[in-house]
Amino acid sequence: MVDRLANSEANTRRISIVENCFGAAGQPLTIPGRVLIGEGVLTKLCRKKPKARQFFLFNDILVYGNIVIQKKKYNKQHIIPLENVTIDSIQDEGDLRNGWLIKTPTKSFAVYAATATEKSEWMNHINKCVSDLLSKSGKTPSNEHAAVWVPDSEAAVCMRCQKAKFTPVNRRHHCRKCGFVVCGPCSEKRFLLPSQSSKPVRICDFCYDLLSSGEMTACQSTRSDSYSHSPKSSLNDVSDDDDDEDSSD
């Protein structure tokens, strides 16, 4: 079906519409062989709170952006090559249901669909696209992925020292290796993680010690992919936005 649609006028027109919705700030999306598989609104778990994002699934990339005008205008376009994507289901908990993790070497995050059926369809289509790409390229699935960041609201105190309370002065930071919410003194060091940045990035002392000793995989977070999302809105606005390369997320 994908091969049949690849060069069809209908597919070209659909991709052109998506390009226009992102405007001049978005990257061109029309290339030979690319097919728009589907689209829809998913709730993305961002560092401060869950936010609605428009997602577009192509046969080779996943694209998402902020919704400015529903079905007409989006901004902050993100493009994720599907060859690098791994997805894992998340257990339902509280108000956040029908979710799964989208994991890549550069960035990993959780998304939630409106219904269990939508979740199943999204996961099935993504897995099929990834499988087809890897089959054609002969590559193996990526076994490296960036940590999923713990939302700000889940940490009233530093997740490493368990002592420092977050306040407007003592701000939240995220370790780029384990994804934990940590205080400044527990994350003063930097380490080069080539898959995430060309410059050394902030990591917690625990991960720094393990990375420095060569135990690269040991400091991956051992927390469950099933998050606790009990609201703690009184602390949500105390975050380290200038330390987040995508502070809106």
Side-chain angles (χ1 to χ4, degrees), residues 43-51 86 88-97 99-112 143-197 199-249:
T43 298
K44 180 177 179 289
L45 191 61
C46 302
R47 65 174 300 175
K48 289 188 177 181
K49 61 181 179 180
K51 299 177 182 178
T86 302
D88 289 326
S89 181
I90 302 173
Q91 295 180 2
D92 293 342
E93 186 173 350
D95 293 333
L96 292 174
R97 309 177 67 82
W100 67 98
L101 296 177
I102 296 176
K103 302 187 295 185
T104 80
T106 304
K107 185 175 184 178
S108 302
F109 53 90
V111 292
Y112 296 84
N143 59 5
E144 178 186 3
H145 59 82
V148 179
W149 284 17
V150 175
D152 286 359
S153 59
E154 291 191 19
V157 299
C158 174
M159 297 178 71
R160 285 303 182 196
C161 69
Q162 299 291 320
K163 296 177 181 178
K165 293 183 179 180
F166 295 118
T167 69
V169 176
N170 188 32
R171 305 170 67 192
R172 289 175 172 84
H173 302 267
H174 276 85
C175 172
R176 269 46 174 185
K177 184 61 179 176
C178 67
F180 278 16
V181 184
V182 290
C183 64
C186 284
S187 59
E188 292 179 338
K189 297 181 175 66
R190 299 289 192 275
F191 199 91
L192 182 62
L193 302 177
S195 62
Q196 295 189 38
S197 174
K199 299 179 180 179
V201 294
R202 179 187 293 273
I203 61 174
C204 67
D205 291 347
F206 177 77
C207 289
Y208 182 85
D209 290 343
L210 290 174
L211 287 165
S212 298
S213 66
E215 300 178 44
M216 293 295 291
T217 60
C219 63
Q220 283 288 3
S221 167
T222 56
R223 61 191 172 87
S224 169
D225 284 340
S226 175
Y227 304 104
S228 168
H229 297 297
S230 55
K232 304 179 184 67
S233 57
S234 62
L235 294 172
N236 277 1
D237 291 333
V238 185
S239 58
D240 182 27
D241 279 351
D242 62 358
D243 191 46
D244 184 355
E245 63 184 3
D246 186 6
S247 59
S248 65
D249 280 357

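Hydrogens, waters and symmetry mates are skipped; everything else that's a heavy atom, side chains included, is used.
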Gap between atom CG of Leu193 and atom CZ of Arg202 - 0.5 Å precision: 13.5 Å

Note, Lys177 side chain near Leu211 side chain (heavy atom, < 4.5 Å): yes

Full working for side chain to side chain contact (heavy atoms under 4.5 Å, CB included) between Leu45 and Phe109: CA-CA 7 Å; Leu45 191 61; Phe109 53 90; over 6 Å; no

Minimum-distance pair of heavy atoms, taken over all atoms of Tyr208 and Ile203: CA-CD1, 3.5 Å

Min side-chain heavy-atom separation Lys165-Asn170 under 4.5 Å: no

N/O donor-acceptor pair under 3.5 Å between Arg176 side chain and Ser197 backbone: no

Value rounded to 0.5 Å, distance of CZ in Arg190 from NZ in Lys199: 11.5 Å

Check: Ser195 main-chain N/O paired with Thr106 side-chain donor or acceptor under 3.5 Å: yes

Gln196 (side chain) donor-acceptor with Val201 (main chain) under 3.5 angstrom: no

Sole candidate of Pro185, Cys183, Cys207 that passes side-chain contact (heavy atoms from CB on, under 4.5 Å) when paired with Arg160: Cys207

More than 12 heavy atoms of other groups within 6.0 Å of Asp95 CG: no

Pairwise side-chain contact, Val181 with Phe166, heavy-atom cut-off 4.5 Å (strictly under): yes

Side chain to side chain contact (heavy atoms under 4.5 Å, CB included) between Ser187 and Phe180, worked out: CA-CA 10 Å; Ser187 59; Phe180 278 16; over 6 Å; no

Straight-line distance of Lys44 NZ to Ile102 CD1, nearest 0.5 Å: 9.0 Å

Check: His145 and Thr104 side chains under 4.5 Å, non-hydrogen atoms: no

NE2-CD distance between His173 and Glu188, expressed to the nearest 0.5 angstrom: 9.0 Å

Nearest atoms (heavy-atom pairs only) where Ala156 meets Arg172: CA-NH2, 4.3 Å

For the student: nearest non-hydrogen atoms of Ala147 and Cys178, plus distance: CB-C, 3.4 Å

Parallel, tilted or perpendicular, as decided by the 30° and 60° cut-offs, for the rings of Trp149 and His174: parallel

Electrostatic pair Asp152:Arg47 at N-O distance under 4.0 angstrom: yes

From Lys189 atom NZ to Cys175 atom SG, the distance as rounded to the nearest 0.5 Å: 12.0 Å

Shortest non-hydrogen separation from Ser213 to Leu210 and the atoms involved: OG-O, 2.9 Å

